[in-house]
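Contents: one structure, followed by commentary.
Starting from 1, each residue takes its place in the sequence as its number.
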Amino acid sequence: MIKIKHLKKSFGTKEVLKDINLKIPKGSTTVILGLSGQGKSTIIKHIVGLLKPDRGDIIVDGVNVAKCSKKELFETRKKIGFLFQEGAMFDSMSVYDNVAFPLREHTNLSEKEIRKKVYEKLDMVGFDSDRVAKLYPHELSGGMRKRAATARAIVLEPKIILYDEPTSGLDPIISDLISQMTMMLQKKLGVTSIVISHDLKETFKIADYVGMLYDGRIIEFAPPDKFKKTKNKIVQAFLKGDSTKFDI
């Protein structure tokens, strides 16, 4: 489903991604861990084509988004749902209109058909749709904003969902609810999911595979049980919270 080969990216003089190589299995949930500022979000922004690499290839469902035409990129993006870290909701729109936005932009559905899909997706993320659809983003809690943004990310029924720190800033109970929702969507929709996170507890609840980004490279990639048992000293230090091993 997704292959990243020798991805390199610099911003000014800072080389953020030095040589990223990843193969994301279809229908799985892959979590990418790492310290803040290492470039985790930069990886998924390349997958959706928001950034272009300095070098390398990003193959998404058979299309190299690093080198494809604008038309091919546009069509590929329709297969991808992106949950931004802060939700990125349109503050001037109701929850209903936020979720309906991709359908109005990318389909020719009638308003009746759009309403059906919007309410279906709001139900899917655990909302009382009639009540929440009328609210505006500023009326939502942090967890509700993440769920509403997730409904918008899945309304086009994508093959791939990218989550950028879905539990960041949330308390443990709400974080657990978001993780449960992620697993439910994975099972119900059969999507390929990539989650950017630093939350170890939630990572090992949802992941089929775990990768760690450090110093511009993926230094470990394995199923959770094998990941925990790795002999890589940097990974073990990260798992134990040992800051003495890192140049921070």
Side-chain angles (χ1 to χ4, degrees), residues 1-2 24-34 40-41 43-44 47-48 79-89 95-96 98-99 102 116-133 135 137 139-212 221-228 238-239 241:
M1 176 62 73
I2 301 172
I24 308 296
K26 184 177 180 179
S28 68
T29 295
T30 296
V31 179
I32 299 176
L33 295 171
K40 301 186 300 295
S41 296
I43 293 176
I44 59 172
I47 292 171
V48 78
K79 303 175 185 178
I80 303 173
F82 196 128
L83 178 62
F84 291 90
Q85 188 168 341
E86 301 300 328
M89 303 286 283
V95 169
Y96 178 90
N98 264 282
V99 179
K116 180 181 178 181
K117 284 188 174 290
V118 168
Y119 273 66
E120 178 184 83
K121 297 308 185 286
L122 289 174
D123 287 341
M124 193 175 286
V125 298
F127 280 136
D128 174 350
S129 300
D130 285 324
R131 182 179 71 85
V132 174
L135 300 178
E139 299 177 286
L140 306 178
S141 67
M144 291 176 73
R145 285 176 71 98
K146 290 285 178 77
R147 287 156 65 194
T150 301
R152 184 179 62 185
I154 65 174
V155 76
L156 288 174
E157 299 177 356
K159 294 182 177 182
I160 300 163
I161 304 179
L162 309 177
Y163 299 87
D164 193 356
E165 298 280 7
T167 61
S168 176
L170 303 179
D171 63 54
I173 292 175
I174 300 302
S175 292
D176 186 61
L177 288 173
I178 296 296
S179 293
Q180 289 180 33
M181 181 189 70
T182 303
M183 290 187 288
M184 179 274 294
L185 293 174
Q186 169 69 26
K187 186 174 181 179
K188 194 163 187 176
L189 301 177
V191 295
T192 301
S193 302
I194 302 178
V195 182
I196 298 303
S197 185
H198 63 274
D199 189 330
L200 291 176
K201 181 181 177 182
E202 300 306 322
T203 289
F204 293 118
K205 285 181 183 177
I206 66 173
D208 296 309
Y209 298 91
V210 183
M212 180 161 176
F221 186 85
D225 288 346
K226 289 186 177 181
F227 186 88
K228 291 178 184 179
F238 183 81
L239 293 175

Result block: side-chain N/O donor-acceptor pairs under 3.5 angstrom for residues 188-197, not counting sequence neighbours:
unit_1: Thr192; atom_1: OG1; unit_2: Gly27; atom_2: N; d: 2.8
unit_1: Ser193; atom_1: OG; unit_2: Gln186; atom_2: OE1; d: 3.2
unit_1: Ser197; atom_1: OG; unit_2: Asp199; atom_2: N; d: 2.9

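If you take CD on Glu120 and NZ on Lys116, they are separated by 7.0 Å, rounding to the nearest 0.5 Å. Rounding to the nearest 0.5 angstrom, the gap separating the CG atom in Asn98 from the CE atom in Met89 is 3.5 Å. Rounding to the nearest 0.5 Å places CD of Glu165 at 6.0 Å from OG of Ser41. Here Lys121 contributes atom NZ and Leu185 contributes atom CG; the two are 10.0 Å apart, rounded to the nearest 0.5 Å. Distance check: Lys146 NZ to Thr182 OG1 gives 10.0 Å after rounding to the nearest 0.5 Å. Here the straight-line distance linking atom OG1 of Thr203 with atom CE of Met212 works out to 11.5 Å at 0.5 Å rounding.
Listed here is the closest heavy atom pair of Leu140 and Arg145: CB-CG, 3.7 Å. Nearest heavy-atom pair, Phe127 versus Ala148, reported as atom, atom and distance to 0.1 Å: CE1-N, 3.6 Å. The shortest non-hydrogen separation linking Ile154 to Met124 is CD1-SD, 3.9 Å. Minimum heavy-atom separation, Ala151 to Leu122: CB-CD2, 4.0 Å. Closest heavy-atom contact between Pro158 and Gly81: CB-N, 3.5 Å.
Inter-residue side-chain proximity for Lys26 and Lys159 is flagged as unmet; no heavy-atom pair is nearer than 4.5 Å. Contact check for Phe204 versus Val210: side-chain heavy atoms found under the 4.5 Å cut-off.
In summary, of the residues considered (Ile80, Ile44, Ile160, Thr30), a side-chain contact (heavy atoms from CB on, under 4.5 Å) with Ile2 occurs for Ile160 alone. Checking Ile206, Thr29, Ile178, Leu83 one by one against Tyr163, the side-chain contact (heavy atoms from CB on, under 4.5 Å) holds for a single residue, Leu83.
Between Glu202 and Lys205 there is a salt bridge, since at least one side-chain N of the basic residue sits less than 4.0 Å from a carboxylate O of the acidic one.
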Exercise. Dump the intermediate steps for side chain to side chain contact (heavy atoms under 4.5 Å, CB included) on Lys79 and Met1, then the final yes or no.
Key: CA-CA 11 Å; Lys79 303 175 185 178; Met1 176 62 73; over 6 Å; no
Practice problem: Determine, stepwise, if the pair Phe238 / Leu200 fulfils side chain to side chain contact (heavy atoms under 4.5 Å, CB included). | Solution: CA-CA 9 Å; Phe238 183 81; Leu200 291 176; 3.6 Å; yes
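The aromatic rings of Tyr209 and Phe221 sit parallel, their planes meeting at an angle under 30°, below the 60° perpendicular limit.
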